[in-house]
K.L.:
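Attaching a single structure in structure tokens format; questions to follow.
Residues: numbered from 1 along the sequence shown.
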Amino acid sequence: MIQLPNENALISFSGGRTSGFMLRKILNANEGQLPSNYKVIFANTGREMPETLDFVQQCSDQWNVPITWLEYRKAKPKFEVVSHNSASRNGEPFEQAIESKASNRFLPNQAIRYCTQEMKVLTIKRYLVSLGWKRWINTVGIRADEAHRVKPSKDKRWQNWFPLADAKYGVADVNKFWRESNFDLRVMKGAGNCDGCFLKSEATLAAMWREHPDRMQWWADQEKKIKSTFHKSRSYAELGSFVDRQKDWIFDDEEFLCQADDGECTG
């Protein structure tokens, strides 16, 4: 059972099944309603799959819960409130975040993830501060089977809260919930949230190149424009070219590519 804090609380909704499950459990703990001092926020990067955007809206509609949609902007106040209908779908917020760092000529990467920082953490922070919030609880969707990811906040404005980990909910609970639900997130494995995120495995990105080459081309275009790469040892164009040359045979097995460059082999 989840015990709700009394303080102002942010529920950062990633658009995934775990964060949706967490939101439902929080609603259940308050008789099916969102506490008046809680805010559910979805920060859209413009690189989410269309199905992810639809899923966020379904959660709002099906459960009668208000979800605020935010996007990063270069110009002050450096955020904009949007909606399912007006949300960017071609990476516009992400491009603005990249342009804000253009003088340094580098893209976000595994070491410096300024995309997450600018488009999600700081965008949400600026919005909440604009509402007059001075301090709040930051609700994080980490399950009990991900307990190694539970960490305290580094920002003095908020304190992290991990309701799923605290209540011992794991991935089996999340999967069971969505199997029994009348709606679900309808995306291919690995495609959720940011479609071509450089933190995804090479195998997943190769599968994305095969299934959604138009979406993956955006990532290759950013690397060409900035003359930099998102990953230290490969470019998106090189991976796309490799997938195109190999055709279907590399997808015959469950694991698609050897990731030896990253010190691991999945074959």
Side-chain angles (χ1 to χ4, degrees), residues 8-16 19 38-57 59-60 65-136 138-141 153-158 192-199 214-230 236:
N8 288 343
L10 157 68
I11 303 171
S12 185
F13 191 3
S14 71
S19 61
Y38 282 37
K39 282 282 184 183
V40 185
I41 297 179
F42 170 64
N44 180 46
T45 69
R47 295 312 310 167
E48 280 73 25
M49 297 293 287
E51 295 86 352
T52 297
L53 303 184
D54 293 343
F55 177 69
V56 174
Q57 188 61 40
C59 288
S60 179
V65 56
I67 298 178
T68 301
W69 291 49
L70 297 180
E71 290 184 359
Y72 168 81
R73 295 290 185 266
K74 282 176 61 178
K76 291 183 177 181
K78 306 196 81 171
F79 69 83
E80 183 174 344
V81 178
V82 296
S83 67
H84 178 266
N85 290 336
S86 64
S88 300
R89 287 167 167 79
N90 295 303
E92 296 90 340
F94 207 143
E95 288 193 52
Q96 289 195 39
I98 291 172
E99 289 168 4
S100 72
K101 307 291 184 181
S103 60
N104 296 322
R105 308 300 295 176
F106 77 99
L107 293 166
N109 53 65
Q110 290 175 311
I112 306 175
R113 294 168 55 189
Y114 69 74
C115 48
T116 298
Q117 187 72 2
E118 284 292 345
M119 290 189 290
K120 294 183 179 292
V121 177
L122 293 179
T123 293
I124 293 173
K125 177 180 179 179
R126 290 164 185 141
Y127 172 72
L128 293 178
V129 169
S130 77
L131 298 181
W133 285 26
K134 299 185 183 301
R135 291 185 59 81
W136 58 87
N138 179 42
T139 312
V140 186
S153 170
K154 295 180 180 180
D155 195 297
K156 294 180 180 179
R157 282 190 178 270
W158 63 81
N193 298 336
C194 206
D195 53 12
C197 178
F198 50 84
L199 296 178
D214 55 328
R215 299 193 67 87
M216 294 300 288
Q217 186 60 47
W218 181 90
W219 297 83
D221 290 344
Q222 301 311 305
E223 292 186 328
K224 182 178 179 180
K225 181 167 65 175
I226 301 298
K227 296 181 174 61
S228 178
T229 59
F230 291 98
Y236 280 75

K.L.:
Of all residues at least two apart in sequence or in a different chain, which pass the side-chain hydrogen bond (donor to acceptor under 3.5 Å, both in side chains) check with S14?
P.N.:
S19
K.L.:
Quick one: pull up OG in S100 and CZ in R73 and give me the separation to the nearest 0.5 Å.
P.N.:
13.0 Å
K.L.:
Mind checking what makes side-chain hydrogen bond (donor to acceptor under 3.5 Å, both in side chains) contact with Q217, not counting sequence neighbours?
P.N.:
D221
K.L.:
On a heavy-atom basis, which atom in A87 and which in N44 lie closest, and how many Å separate them?
P.N.:
CB-ND2, 3.7 Å
K.L.:
Where do C115 and P108 come nearest, in terms of heavy atoms and distance?
P.N.:
SG-CB, 3.7 Å
K.L.:
Mark yes when over 12 heavy atoms from residues, nucleotides or ligands other than K224 sit less than 6.0 Å from its NZ; otherwise mark no.
P.N.:
no
K.L.:
Kindly give the heavy-atom pair with the smallest separation between C194 and T45, and that separation in Å.
P.N.:
SG-OG1, 4.2 Å
K.L.:
Closest heavy-atom contact between I67 and C59?
P.N.:
CD1-CB, 4.4 Å
K.L.:
Which residues pass the side-chain hydrogen bond (donor to acceptor under 3.5 Å, both in side chains) test with T123, not counting sequence neighbours?
P.N.:
none
K.L.:
Could E118 and R126 be called an ion pair, given the rule that one side-chain N must be under 4.0 Å from one carboxylate O?
P.N.:
yes
K.L.:
Side-chain contact test, heavy atoms from C-beta onward, threshold under 4.5 Å: evaluate it for K225 versus E95 and give yes or no.
P.N.:
yes
K.L.:
Nearest 0.5 Å please: distance from the OG atom of S228 over to the CD atom of Q222.
P.N.:
11.5 Å
K.L.:
Would you say the side-chain atoms of K120 pair up with the backbone N or O of A43, donor to acceptor, closer than 3.5 Å?
P.N.:
yes
K.L.:
If you compare all heavy atoms of G15 against all heavy atoms of V56, which two are closest, and at what distance to 0.1 Å?
P.N.:
CA-CG2, 3.8 Å
K.L.:
Just wondering, are more than 12 heavy atoms of other shown residues or ligands nearer than 6.0 Å to CZ in R215?
P.N.:
yes
K.L.:
Between atom NZ of K39 and atom OH of Y127, what is the distance when rounded to the nearest 0.5 Å?
P.N.:
4.0 Å
K.L.:
What distance separates T229 OG1 from E223 CD, expressed to the nearest 0.5 Å?
P.N.:
5.5 Å
K.L.:
Please list, chain by chain and in numerical order, all residues satisfying side-chain hydrogen bond (donor to acceptor under 3.5 Å, both in side chains) with W158, sequence neighbours excluded.
P.N.:
S153
K.L.:
Out of W218, Y114, Y72, which residue meets the ring-ring contact (aromatic ring centres under 6.0 Å, His included) rule with F94?
P.N.:
W218
K.L.:
Can you check whether D155 reaches K125 side chain to side chain, under 4.5 Å on heavy atoms?
P.N.:
yes
K.L.:
Okay, side chain of T139, backbone of L10: is any donor-acceptor separation there less than 3.5 Å?
P.N.:
yes
K.L.:
To the nearest 0.5 angstrom, please state how far the CZ atom of R89 sits from the CD atom of E48.
P.N.:
10.5 Å
K.L.:
How would you list, by chain and number, every residue that makes a ring-ring contact (aromatic ring centres under 6.0 Å, His included) with Y236, sequence neighbours excluded?
P.N.:
W219, F230
K.L.:
Given L128 and I41, is the side chain to side chain contact (heavy atoms under 4.5 Å, CB included) satisfied, shown in steps?
P.N.:
CA-CA 10 Å; L128 293 178; I41 297 179; 3.9 Å; yes
K.L.:
Can you name the ring-ring contact (aromatic ring centres under 6.0 Å, His included) partners of W69, sequence neighbours left out?
P.N.:
F42, H84
K.L.:
What distance separates L70 CG from E80 CD, expressed to the nearest 0.5 Å?
P.N.:
10.0 Å
K.L.:
Check the pair F106, I112 against side chain to side chain contact (heavy atoms under 4.5 Å, CB included), reporting the backbone distance first and the verdict last.
P.N.:
CA-CA 10 Å; F106 77 99; I112 306 175; 4.1 Å; yes
